[in-house]
Number of protein chains: 2
Amino acid sequence: MQKLPKIPESEWLVMRVLWSKGPLTANEVVKELTGKTKWKPKTIKTLITRLMKKGAVKFEKEGRKYRYYPAVSEAECVRMERYSFVRRVYGGTTRPMLAAFLEDAKLSAEDISELKKILEQKEGE
Amino acid sequence: MQKLPKIPESEWLVMRVLWSKGPLTANEVVKELTGKTKWKPKTIKTLITRLMKKGAVKFEKEGRKYRYYPAVSEAECVRMERYSFVRRVYGGTTRPMLAAFLEDAKLSAEDISELKKILEQKEGE
DNA sequence: GACGTTGGATTACAAATGTAATATTTTAGG
DNA sequence: CCTAAAATATTACATTTGTAATCCAACGTC
């Protein structure tokens, strides 16, 4: 398991694009984010560069441009964020957090039965 | 409902102390955090001051010292953090996040039945 | 082959954050 | 009163983050 870099808010947007759309050129990333943010293209380039320096993305050369792709797993990053969120806000105790989350969430009947299934699954372990 | 200030990681620790132990002097806060962090007392004073500037804590004078107490609701702050967490990491979709949370959490049998109860409650609405 | 265009590399710069140290003001004790 | 101790207030300073702009190199065009 790689060492996970710290990914701040704005870089998450870029990572989410790269995770979902695989290797993209900088301009493609810019295009993906148009409408979702008001960032100038240069800003997005900067974010990509920073992610590279942290080792969160890599690239393959394609002619004179680069195609960027994630170098860290989305699942791992998400897990880490979840963990650090719980620690920060709830001091590490998970259950009250989950309870609050569940109570507060707007859930469809489907969502609910899905989640119950997960719990029952765990119950059996 | 007040406007909620932004509370960064380290200040959360201070807020959690104040939320749980009511009005405290700076030194009492320091004492509460001893062992939990390696911060120097001065650092903690700084954090308190910043929280005051943001309006997250207020104080009453007691002789020459102050007793600090939270000026914003824990529930509200936590809700906001939860919300911004989901938005950042999952782009706003709550269910997959909850699913991942539940799957990943270490839960006792009790926790599980508690959480199921919450879900059933919501089911009935 | 000079030149504009297009991409990446380098630089910019303010605000927020982490982590304190120094300065100043009270006040309790001698 | 004068001073040491204790509190608060002010100042410090490196990093990180948000948000770009400028510089430079390669490429395709006339």
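Numbers restart at 1 for each chain; the letters A, B, ... are given by sequence-line order, proteins then strands.
- Contact record, A/T25 with A/Y68: C-CD1, 4.2 Å, taken as the closest heavy-atom pair.
- Between A/W39 atom CH2 and D/dG18 atom P there is a gap of 8 Å when expressed in whole angstrom units.
- Atom CD1 of A/I44 sits about 4.5 Å away from atom CG of A/L33, to the nearest 0.5 Å.
- Minimum heavy-atom separation, B/R67 to B/P23: NH1-O, 3.0 Å.
- Counting only heavy atoms from C-beta outward, the side chains of B/V57 and B/M15 approach each other to under 4.5 Å.
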Identify all side-chain donor-acceptor contacts of residues 92-99 of chain B below 3.5 Å with residues at least two apart in sequence or on another chain.
residue	atom	partner	partner atom	Å
B/T93	OG1	B/Y90	O	3.4
B/R95	NE	A/D111	OD1	2.5
B/R95	NH1	A/E114	OE1	3.4
B/R95	NH2	A/D111	OD1	3.0

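- For the segment residues 44-54 of chain A, the set of residues with a heavy atom within less than 4.0 Å of an atom of DNA chain D comprises A/T46, A/L47, A/R50, A/K54, in numerical order.
- Side-chain heavy atoms closer than 4.5 Å link hydrophobic residues (I, L, V, M, F, W, Y) into clusters, and following such links, even through other members, never connects A/L18 to A/Y69.
- B/Y66 and B/F59 have parallel rings, their planes meeting at less than 30° on a 0 to 90° scale where 60° marks the start of perpendicular.
- The stretch residues 60-69 of chain A touches DNA chain D through A/R64, each having a heavy atom under 4.0 angstrom from the strand.
- As rounded to whole Å, 11 Å separates atom C1' of D/dT8 from atom CG of B/N27.
- The number of heavy-atom neighbours closer than 6.0 Å to CD of B/E120, taken from other residues, nucleotides and ligands shown, is above 12.
- As a whole-Å value, the separation of B/F59 CZ from D/dA9 C1' is 12 Å.
- When all heavy atoms of A/S10 and A/W39 are compared, the closest pair comes out as O-CH2, 3.3 Å.
- Here D/dT19 presents its C1' atom at 14 Å from CG of A/L33, a figure rounded to the nearest Å.
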Would you please test B/K116 and A/E123 for salt bridge (Lys or Arg N to Asp or Glu O under 4.0 Å) and show each step? CA-CA 11 Å; B/K116 273 174 69 177; A/E123 212 165 24; 3.4 Å; yes
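- To the nearest 0.5 Å, atom NZ of residue A/K54 and atom NZ of residue A/K6 are 9.5 Å apart.
- Axis angle between the ends of the helix from C/dG1-D/dC30 to C/dG30-D/dC1, five pairs each and rounded to 10 degrees, works out to 30°.
- Contacts between chain B and DNA chain C, taken as any atom within less than 4.0 angstrom of a protein heavy atom, begin and end at C/dT17 to C/dT27.
- At a threshold of 4.0 angstrom between heavy atoms, the contacts of A/K40 are confined to the sugar-phosphate backbone, with no base atom among them.
- Heavy-atom neighbours of B/K58 NZ from other residues, nucleotides or ligands within 6.0 Å: at or below the threshold of 12.
- Applying the 6.0 Å contact sphere to CD of B/E110 captures no more than 12 heavy atoms from other residues, nucleotides or ligands.
- Distance check: A/E81 CD to A/L4 CG gives 10.0 Å after rounding to the nearest 0.5 Å.
- Between the NZ atom in A/K21 and the NZ atom in A/K31 there is a gap of 12.0 Å [rounded to 0.5 Å].
- Within a heavy-atom distance below 4.0 Å of DNA chain C, no residue of residues 77-84 of chain A is found.
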